[in-house]
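Below is one structure, written out as structure tokens; comments come after it.
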Amino acid sequence: MPPSPARAATSSRRPARRVAPGPTPAEAYPPLPQLEDLPDVDGRRVLVRCDFNVPLRRGRIVDDLRIRAATPTLEWLVMRGARVTVCTHLGRPGGRRDGRFDLEPVRERLAELVPGVELMDNLRFHTGEEANDPSFVQRLIRGQDLYVNDAFATAHRAHASVVGPPARLPSAAGRLLSREVEVLSGLRRHPKRPFVTILGGPADPERLAGLRALAAFADVIALGGPIAFAALDPGGAGLIHDWSDLIDGRRLLLPPDVLACRDDDPGQSAVVGSVDPGWRAVDIGHRSSSRFLSLINRAGTVYWDGAMSGDGFIRGTRSVAEAVAQAGAFTVVSGFDTREALDRLRLTPFIDHASTGGAAGLAFLSDGDLPGLAALRRPAAV
């Protein structure tokens, strides 16, 4: 019997980790070069692309998972005598210097975790980063001997710091990047079935593309949160039609009921089967939670990305988080709001893999490759 959520939250013993499904059949792409494939790093200057795009509130880091996740790579390099410089972006400053996206809080936290590592300014203070400007690439690698990409969360972007250095320097994938690819490749190629996907978050183009990709290999896709609420809204009928064209209706589960509030009186709420004009859905209902929990309990693999709730509500997200933490399946979660909920409930230690990917994870599941990975596989012109 798995531990109850209350016991899971207070247990001082970290549970035994389940391993990703395996073994993996022959890869469609050549393997990524690893840290051990680099020339001797002792005394060498190594540029490491990390994704430290962490959420900030009032100048303080809210979730430092992405910084902590990069420490194995940085420590490996430092312990072998490398002189490490990290580059990262933060937010979307639009190619100009903006104090709201200054990296000083990140620099302080990084110094606590891995002393002696330098951190460049925010890459996106420069227009050359997102434009993949060759002159900006040259500026980044000036004085550097080697390059490591440990930024899985930006590997779907063909930006200067992601695809430029591997063409000019001996390069490798960091530990985090390699692990993300290993786990998500397993979901694509050989998940233990049934493979249940719980997808929340906004109904944006990247998420809809991920939905299309997941339809190819997930047994059931259960939608919650804003992406489902958009479909249930009278104005979302077109979205439902598009999704039905792509997914067998028996494998796509929309919430059978939702908690809805009146637009003109947010204090007035009701659990309903459909959302009438003048109301808005803010959470999944009790029947929806029960259906989702039943799917999770029977699953062999669970992939969860995106909150089930919106507008400050949490009940539906909490019920799914507790079910995923107790599941006997191999569990993967992605997305800041998903991880934030698990952290708040102290359930993260009971998840097999907390991905830093977000949009990059959905893009990888869709295509099986990313621009940043392809760049690492091509030998540098040195």
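For the single chain, residues carry numbers from 1 onward in sequence order.
Not one N or O on the side chain of Asp305 forms a donor-acceptor pair closer than 3.5 Å with the backbone of Leu199. Judged by distance alone, with hydrogens and angles left aside, the side-chain atoms of Ser319 form a donor-acceptor pair with the main-chain N or O of Gly316 at under 3.5 Å. A donor-acceptor pair is defined here as one N or O able to donate and one able to accept, closer than 3.5 Å; no such pair exists between the side chain of Asp98 and the backbone of Pro93. One N or O on the side chain of Ser309 and one on the backbone of Thr317 form a donor-acceptor pair closer than 3.5 Å.
Taking hydrophobic clusters as Ile, Leu, Val, Met, Phe, Trp and Tyr residues chained together by side-chain heavy-atom distances below 4.5 Å, Val333 shares a cluster with Ile284. With hydrophobic clusters built from ILVMFWY side chains whose heavy atoms lie under 4.5 angstrom apart, Val282 shares a cluster with Val271.
Using a 4.0 Å cut-off between a side-chain N of Lys or Arg and a carboxylate O of Asp or Glu, Arg49 and Asp150 do not qualify as a salt bridge. In this structure, Asp369 pairs ionically with Arg377, as a charged nitrogen and a carboxylate oxygen lie closer than 4.0 Å. At a threshold of 4.0 Å, the pair Glu340-Arg57 counts as salt-bridged, since one of the basic side-chain nitrogens sits closer than that to a carboxylate oxygen. We find that Arg80 and Asp42 are not joined by a salt bridge, their nearest charged nitrogen and carboxylate oxygen being 4.0 Å or further apart. A salt bridge does not link Arg97 with Asp102: none of the charged nitrogens is closer than 4.0 Å to a carboxylate oxygen. The residues Glu75 and Arg68 are annotated as not salt-bridged, no charged nitrogen and carboxylate oxygen being separated by less than 4.0 angstrom.
Annotation: Arg291, atom CZ; neighbour count of heavy atoms from other residues, nucleotides and ligands within 6.0 Å does not exceed 12. Annotation: Arg92, atom CZ; neighbour count of heavy atoms from other residues, nucleotides and ligands within 6.0 Å does not exceed 12. Annotation: Glu118, atom CD; neighbour count of heavy atoms from other residues, nucleotides and ligands within 6.0 Å does not exceed 12.
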(request) Quick one: do Val183 and Val332 satisfy side-chain contact (heavy atoms from CB on, under 4.5 Å)? Show the steps, please. (result) CA-CA 8 Å; Val183 170; Val332 179; 3.8 Å; yes
(message) Applying side-chain contact (heavy atoms from CB on, under 4.5 Å) to Asp263 and Trp279, what does each step give before you reach the verdict?
(response) CA-CA 5 Å; Asp263 287 334; Trp279 292 70; 5.9 Å; no
(message) Run the ring pair (Phe, Tyr, Trp, His ring centres under 6.0 Å) test on His126 and Phe136 for me, step by step, so that the C-alpha distance in whole Å, both residues' side-chain angles and the decisive distance to 0.1 Å come before the verdict.
(response) CA-CA 8 Å; His126 310 276; Phe136 185 64; 5.3 Å; yes
(request) List the steps, then state whether side-chain contact (heavy atoms from CB on, under 4.5 Å) holds for Met120 with Leu140. (result) CA-CA 9 Å; Met120 291 182 174; Leu140 284 176; 3.9 Å; yes
(message) Between Ser288 and Asp257, is the side-chain hydrogen bond (donor to acceptor under 3.5 Å, both in side chains) condition met? List the steps.
(response) CA-CA 6 Å; Ser288 301; Asp257 64 345; 2.8 Å; yes
(message) Run the side-chain contact (heavy atoms from CB on, under 4.5 Å) test on Ile198 and Leu223 for me, step by step, so that the C-alpha distance in whole Å, both residues' side-chain angles and the decisive distance to 0.1 Å come before the verdict.
(response) CA-CA 6 Å; Ile198 312 291; Leu223 298 184; over 6 Å; no
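Looking at Arg45, Arg44, Arg168 one by one, the single match for salt bridge (charged side-chain N to carboxylate O under 4.0 Å, His left out) with Asp145 turns out to be Arg45.
At a cut-off of 3.5 Å, with distance as the only test, a side-chain donor of His353 or Glu180 sits close to an acceptor on the other residue. Thr331 and Asp352 form a side-chain donor-acceptor contact under 3.5 Å, judged by distance and modelled atom types alone. Under the 3.5 Å distance criterion, with hydrogens and angles disregarded, no donor-acceptor pair is assigned to the side chains of Arg175 and Thr73. Remark: the Arg298 side chain and the Ser294 side chain contain an N/O donor-acceptor pair separated by less than 3.5 Å.
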